[in-house]
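FYI, side chains are in, hydrogens and waters are out, and symmetry mates aren't considered; it's all heavy atoms of this structure. Starting from 1, each residue takes its place in the sequence as its number. Keep in mind it's a predicted model, so treat the numbers as computed, not measured.
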Amino acid sequence: MANIISGKVVSAQVKDRVRQETLALKEQGVEIGLAVIIVGNNQASRVYVDGKKRDCEEVGFVSREYALAEDTTQCELIALVEKLNADDSIHGILVQLPLPSQIDEKAVINTISPKKDVDAFHAENVGNIMIGDYSFLPCTPAGVMELIHSTGVDVCGKNCVVIGRSNIVGKPMAMLLLHENGTVTICHSKTQNLKDICKNADILVAAVGRAKFVTVDMVKEGAVVIDVGMNRNEEGKLCGDVDFDEVSKVAGYITPVPGGVGLMTRAMLMVNTLNAAKMFYNIK
Ligand code: GUN
């Protein structure tokens, strides 16, 4: 039976470190601010944004929410981002995705100052990740690395397989594993022999978006299995991309859903916001 990697435990440790540093900075008169912009009435986005607000309270940041109407124009949203770029009390800016169809997400993201881009979605920050010289890491892949580190398994030289090639998860995930000298394969919907490739993975990261996509016959005995998926099953219950009940019988380590990667994504946003504030104040 696999060891369960607890996102609850690891994220609490990460947030506690942020909280302690934030408290110490507060004693020096430094206040840290995160602005979160949500546009429209997407239910899932509302849940995520509320979670981020609670995390800010927990670690001691000031959080400012901007809830804009569904029919907000791109010009209006960009004007708000520009105002927040110039606001010295705000160190991190997050525009919750997806945005309504009349707005070009790329244009909005690339308006965020790279120094306040705590999602690390801006093209400049994405480029910095490629060359391994970064201020921010995207929250989900960074959180996955924390979970892998918590197992004590060394990535160096391991066969690492990432299923999914999104800009937010799959691609940066592969880069972070590569930076730690993993031998990385990215799989996607056109991949041939997916099962064989996955079966060879010492570290398998699933970011597909389909419930029970990773079955037990795709997993090597003793592998570290990280489930980034966030799906609803037939009964409407939250579940990941991995068939947890079966895969946990052969994996060495596995993350649950819920209680795994999702909590780490939130915790790493707090880390990035702290780092953004430290950069702003020139604190090492
Ligand atoms: N929507 C779903 N996940 C995310 C995320 O990590 N950041 C932003 N900005 N929007 C999201």
Side-chain angles (χ1 to χ4, degrees), residues 1-18 51 55 137-164 169-170 172-187 194-231 233 237-271:
M1 195 66 188
N3 295 291
I4 309 293
I5 310 172
S6 171
K8 215 167 165 175
V9 170
V10 182
S11 68
Q13 289 165 350
V14 169
K15 281 194 288 185
D16 203 49
R17 285 202 299 271
V18 174
D55 291 334
L137 290 175
C139 299
T140 299
V144 170
M145 293 311 291
E146 290 280 339
L147 292 174
I148 294 171
H149 294 156
S150 78
T151 66
V153 171
D154 188 3
V155 174
C156 184
K158 297 290 191 313
N159 286 327
C160 304
V161 173
V162 179
I163 320 176
V169 182
M173 188 71 250
M175 278 301 134
L176 300 195
L177 291 163
L178 185 61
H179 290 330
E180 294 198 10
N181 301 310
T183 302
V184 185
T185 306
I186 306 177
C187 297
L194 178 72
K195 184 181 138 188
D196 292 343
I197 296 167
C198 292
K199 186 93 185 169
N200 199 31
D202 304 302
I203 298 172
L204 180 62
V205 181
V208 188
R210 274 166 61 185
K212 293 195 181 176
F213 184 86
V214 175
T215 48
V216 67
D217 55 331
M218 294 164 74
V219 177
K220 183 178 180 176
E221 198 166 330
V224 177
V225 179
I226 307 284
D227 192 347
V228 183
M230 197 74 91
N231 314 298
N233 68 10
K237 224 178 98 193
L238 200 61
C239 64
D241 292 341
V242 176
D243 182 357
F244 182 89
D245 291 344
E246 292 304 312
V247 171
S248 59
K249 292 177 186 162
V250 303
Y253 298 88
I254 189 167
T255 60
V257 179
V261 173
L263 294 172
M264 291 307 298
T265 300
R266 284 170 47 180
M268 300 317 287
L269 176 66
M270 300 297 107
V271 172

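Inter-residue side-chain proximity for Ile4 and Ile254 is flagged as met; some heavy-atom pair is nearer than 4.5 Å. By the 4.5 Å heavy-atom criterion applied to side chains, Val271 and Val14 are counted as neighbours.
The heavy-atom pair separating Lys15 from Ala267 by the smallest distance is CG-CB, 4.0 Å. Considering every non-hydrogen atom in both Val257 and Cys239, the closest pair reads CG1-C, 3.7 Å. Between Val169 and Pro141, the shortest heavy-atom distance links the atoms O-CG, 3.9 Å. In this structure, Asp245 and Ser248 approach most closely via the heavy-atom pair O-OG, 3.2 Å. When all heavy atoms of Ile186 and Ala174 are compared, the closest pair comes out as CD1-CB, 3.5 Å. Residues Leu147 and Ser6 approach most closely at CD2-O, 4.4 Å, considering heavy atoms.
Rounding to the nearest 0.5 Å gives a distance of 8.0 Å between CE of Met264 and OG of Ser150. Taking CG of Leu177 as the reference point, atom CD1 of Ile226 lies at 9.5 Å (rounded to 0.5 Å).
Considering Val224, Val261, Ile148 as possible partners of Ile5, the one that fulfils the side chain to side chain contact (heavy atoms under 4.5 Å, CB included) test is Val224.
Checked against side-chain contact (heavy atoms from CB on, under 4.5 Å), Glu180 has the following partners two or more places apart in sequence or in another chain: Met145, His149, Val155. The salt bridge (Lys or Arg N to Asp or Glu O under 4.0 Å) search around Asp154 returns none, not counting sequence neighbours. Partners of Leu137 under the side-chain contact (heavy atoms from CB on, under 4.5 Å) rule, at least two apart in sequence or in another chain, are Ile129, Tyr134, Ala142, Leu176. Every residue two or more places apart in sequence or in another chain that forms a salt bridge (Lys or Arg N to Asp or Glu O under 4.0 Å) with Lys249 is listed here: Glu246.
Counting only residues at least two apart or in different chains, side-chain hydrogen bond (donor to acceptor under 3.5 Å, both in side chains) contacts with residues 251-270 comprise Asp55-Arg266, Thr140-Thr265.
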Which atom pairs, one a donor and one an acceptor, fall under 3.5 Å between side chains of residues 200-215 and the rest of the protein, sequence neighbours left out?
| residue | atom | partner | partner atom | Å |
| --- | --- | --- | --- | --- |
| Asp202 | OD1 | Lys220 | NZ | 2.7 |
| Asp202 | OD2 | Asn159 | N | 2.8 |
| Thr215 | OG1 | Asp217 | OD1 | 2.5 |

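Between the Asp227 side chain and the Asp241 main chain, a donor and an acceptor come within less than 3.5 Å of each other.
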